[in-house]
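First up is the structure itself, then whatever we jot down about it.
Letters go in sequence order (proteins before strands), and every chain restarts at 1.
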Amino acid sequence: MEIPSKYSSGSVEEKWYQYWMDNKFFHSVPNEKEPYTIVIPPPNVTGVLHMGHMLNNTIQDILARRARMKGKNACWVPGTDHASIATEAKVVNKLKEKGVDKYDLSREEFLEHAWEWTHLHGGIILEQLKKLGASCDWDRKAFTMDEARSESVIKVFVDLYKKGLIYRGVRMVNWDPSAKTALSDEEVIYREVQSKLYYLKYQVEGEENEFVTIATTRPETILGDTAVCINPEDERFKNLKGKRVLVPLIKRSVPIIEDSYVDMEFGTGCLKITPAHDINDYEIGMRHNLESVDIFNDDGTLSEKAQIYIGEDRFAVREKIVADLEKEGTLAKIEDYTNKVGFSERTDEVIEPKLSAQWFLKMEELVKPALENVMNDTIQFHPPKFKNIYKHWMGNIKDWCISRQLWWGHQIPVWYISPSPTLTKGEGAKNYGYVVAASEEDARKLALEKHPSLGGEGGGFSLTRDDDVLDTWFSSWLWPISVFDGIRKPDNEEVNYYYPTSDLITAPDIIFFWVARMIIAGYEYKNTFPFKNVYFTGMVRDAQRRKMSKSLGNSPDPLDLIKKYGADGVRVGMLLCSPAGGDLLFDESLPQQGSGFATKIWNSFRLVKNWEVDETIEQPLHSKLAINWFRNKLNEVTATLDDHFEKFRISDALMTIYTTVRDEFSGWLLEIVKPAYQQPIDANTYAELIELFDQLLRLLHPFMPFITEEIWQYMKERKEGESIMVERIPEAKKFDKKLLAAFEDVKEAISGIRKIRLEKNIPNKEELELFIQIGNKGYHKEFESILSKLGNLTNMEEVKEEVKGTTSFRVKSTNFYIPLSNLIDTEEELKKLEEELKYAKGFLNSVNKKLSNEHFVNNAPEAVVNKEKAKKADTESKIKVLEERIAGLK
RNA sequence: GGGAGCUUAGCUCAGUUGGUUCAGAGCACUUGGUUUACACCCAAGGGGUCACUAGUUCGAAUCUAGUAGUUCCCACCA
């Protein structure tokens with residue numbers, strides 16, 4: 001079989017992905033094996049793949065593939081999220097481009113557009129994941145708004161309502177004037193901004209020349225002022241108590257009230273109160289029975305209640321009102337000021353606190369098991385520092401505002417009852433309220449049960465469904481259950497088998513949005529945790545630590561990267577430098593390194609595969625020894641990998657296998673067994689090499705699925721349906737630590753020879769002689785054939801004392817001498833030896849100091865003391881050797 | 001304002017319970033090499049007072065306290 005000299009990732013990746021799909025290797029059904037389950041953090045249905053997804057999904061795939069090769073029944077469930085507000089914003093913009101305003105459409109018409117958009121762009125991102133090699137069970141593709149998931153959401157809403165956990169209330173909520181919807185607290189991002197502090201003078205009513213000065217960052221809100229507040233302790237304003245002041249421009253008379261909330265130190269010590277547009281003012285307003293004047297429309301323009309600037313935008317009004325206040329003479333001064341302003345996570349609009357009727361979920365009881373089981377490590381966070389953050393949030397949780405004034409999403413299953421006019425006439429008139437039910441049919445029944453009069457004589461009624469939809473996260477919090485249909489059919493075989501899932505891989509920025517809430521839902525609906533481990537990835541940033549963003553143009557297109565470096569190369573690049581919870585500083589040198597590694601593996605394979613095998617020659621001793629050594633090495637590496645994976649140190653695991661392939665396998669093993677130019681290799685060594693290569697590929701497969709499959713298929717004749725991805729990964733076996741340590745000494749001796757060649761400018765081709773003065777450590781005669789081959793030695797001889805006229809080096813207490821006719825620079829050699837001697841003496845000194853310290857000898861464990869004694873003996877013999885050598889040279 | 005974390009080589013980070021080379025890895029850097037698998041390579045090498053200070057201990061990168069710097073999370077000071 002001819003092996004191409006260059007590995008071409010593109011065609012190889014396409015070929016094997018198709019092969020895996022055709023053979024249904026990704027597909028999982030419940031069986032007798034141990035399940036290993038991951039649910040994907042569902043990306044936005046209309047989103048495109050970005051670097052964060054790459055990192056995240058690479059890790060998921062590595063874990064899934066590894067579990068599969070460990071003999072588990074791995075199931076990685078893919079899917080997408082309808083992303084209510086983000087998708088709706090996109091559709092609204094799209095319509096706007098076509099000159100269509102959302103509000104000119106009916107709800108049904110708008111949803112038609114939204115579905116069209118979803119079908120057009122939906123799932124592109126999942127197709128992109130295939131390019132990465134993601135081994136998802138595509139037959140299980142789920143969508144948060146498909147039938148099964150939608151019904152689950154509705155069922156849960158009804159259930160929570162019945163449990164008394166969902167309620168409707170008028171509250172101060174975070175209002176996004178751009179999307180015209182309420183948001184949860186988590187969807188508001190506070191940012192520091194440079195703004196101004198405006199000092200405004202309010203005339204005291206009835207006192208022509210007496211003014212009260214307040215400070216505000218939002219002068220436009222004075223139009224909604226219904227009081228001015230002072231601290232009751234404030235001596236400066238004693239005379240104002242009980243008086244009233246006039247709001248500038250509109251001259252509304254408002255009372256001066258007293259509340260200890262006011263900080264006397266800040267600003268002027270006087271605070272204007274706008275209960276409709278500030279959460280604190282709202283609370284003060286409640287305490288003092290103040291009127292609320294809502295001066296804003298839903299879109300952030302001023303309403304009629306503002307009296308002036310009606311219909312103009314709040315920020316335009318801010319400019320204008322400052323000018324008008326100045327004209328009026330009520331603007332005292334303006335200062336620069338830095339404060340924090342809330343922005344909408346999705347639309348980046350400045351949030352307006354607004355009073356409105358919304359649906360809430362009571363959290364206090366629900367969070368209890370979720371908090372407890374993270375704190376006691378039933379669910380483990382990696383890295384564990386996120387436990388603190390989680391705890392803090394859970395401990396201070398407020399009720400969750402779950403309604404959104406949007407159309408794209410799960411419409412709230414609440415029906416308001418409008419009785420027929422005959423029923424509302426006269427004394428029978430009453431508010432029939434609403435019912436909560438999974439369908440209109442159920443709602444109708446329920447309404448009749450609740451109000452029998454509706455079905456009675458002169459009855460009849462209509463139902464109007466609540467316009468709002470549910471927060472996106474109200475569907476994704478059910479994800480680990482709902483993808484197995486465990487909400488609608490709580491005891492089905494699938495959910496019983498796959499749930500709880502194994503590992504969740506996600507970014508820390510959605511720890512509250514999603515992770516915490518999934519845990520809550522898990523305990524509420526399955527009575528157990530939704531996943532055993534949560535691995536938090538870092539943020540992908542650029543080399544300057546800046547966030548990847550479109551506007552900065554520092555975010556590479558993942559698909560371009562895959563084209564350029566191969567999926568394997570990109571996967572390796574993502575992971576080479578990505579500790580759990582730590583940010584990944586990405587630049588193209590990383591995937592470059594990854595693809596370089598792929599080339600390295602490819603070339604190693606070509607080397608081996610192209611050797612001619614000769615059955616008649618015997619296996620050389622050095623090959624036999626090297627193979628045996630590498631077997632032990634591989635077992636050590638396998639154990640190390642197991643340990644890394646157990647601790648979710650994925651980068652370290654990759655680095656382990658990376659250096660094993662590059663240094664141990666290619667650098668040492670292959671160099672040792674490599675036959676002379678154009679010479680054949682013995683059959684024994686060849687067969688064993690192929691087997692070891694096979695083992696290595698299996699260990700590597702989860703990281704680099706494509707190239708490992710390609711090589712594995714080339715390695716031997718394979719039958720249709722065979723694949724490395726369904727083979728077993730090597731188990732950790734015992735290994736000989738002494739052997740491995742001895743081999744390190746051999747390597748060091750070879751390095752010593754190489755170093756001398758480099759220093760003395762001796763080409764590798766030139767053969768050398770080596771004399772060995774064996775000390776009590778550092779030499780292993782059994783490996784002399786290896787030393788001889790890699791050192792290119794003609795003759796090796798053991799000697800009892802130092803050899804004159806040679807250059808030398810040491811491994812532990814063994815001296816190696818290389819005779820170099822005419823090439824010895826005695827001065828140089830002496831200088832080197834003196835330095836070594838100086839170091840050894842210093843070292844001995846520190847050891848002696850320890851050993852002569854009675855406290856140390858008496859208190860330290862015996863083993864530690866013995867070790868120090870051994871060090872002392874070794875160093876002393878080394879010093880002796882050095883001194884002899886120096887004397888000899890002189 | 002409250003809380004948590006971090007500070008180890010030029011960069012990004014390991015370093016598990018204090019005790020053998022524990023002062024490490026990858027990248028970067030320096031030097032040498034076109035040794036027929038690989039220059040996307042190979043060989044050799046330089047580089048750190050483990051932020052600072054004080055303590056505990058026979059012994060501290062590791063434990064304690066404080067200081068400085070830094071990051072993140074939470075919080076409605078106009």
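Phosphate contact (OP1/OP2 of U12(B), side-chain N/O of R545(A), threshold under 4.0 Å): present. Of the side-chain N and O atoms in R649(A), one or more sit less than 4.0 angstrom from OP1 or OP2 of G15(B).
Heavy atoms of N764(A) sit under 4.0 angstrom from at least one base atom.
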Applying the Watson-Crick and G-U criteria (both distances under 3.5 angstrom) with [ ] for crossing and | for other-strand pairs, one obtains for RNA chain B (((((((..((((.....[....)))).(((((.......))))).....(((((..]....))))))))))))....
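Counting only distance, with no hydrogens or angles, the side chain of R545(A) and the backbone of D583(A) share no donor-acceptor pair below 3.5 Å.
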Show the distances under 3.5 angstrom between N or O atoms of the protein and N or O atoms of nucleotides 40-44 of chain B.
residue, atom, partner, partner atom, Å
C40(B), O2, T599(A), OG1, 3.0
C41(B), O3', K600(A), NZ, 3.3
C42(B), OP1, K600(A), NZ, 2.9
A44(B), OP1, S751(A), OG, 2.5

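Between F693(A) and F605(A), the two ring planes are perpendicular [angle over 60°; tilted spans 30° to 60°].
Within the structure, side-chain hydrogen bond (donor to acceptor under 3.5 Å, both in side chains) pairs that include any residue of residues 594-603 of chain A comprise N603(A)-R606(A) (at least two apart or interchain).
Every residue two or more places apart in sequence or in another chain was checked for a salt bridge (Lys or Arg N to Asp or Glu O under 4.0 Å) with D399(A), and none qualifies. The ring-ring contact (aromatic ring centres under 6.0 Å, His included) test applied to F512(A) returns W393(A), not counting sequence neighbours.
Candidate nucleotides A78(B), C38(B), U16(B) were compared by shortest atom distance to the side chain of N603(A), and C38(B) ranks first.
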In 5'-to-3' order, the base (B), backbone-only (S) or no-contact (-) status of each nucleotide in nucleotides 71-77 of chain B, using a 4.0 angstrom heavy-atom cut-off, is --SSBBB
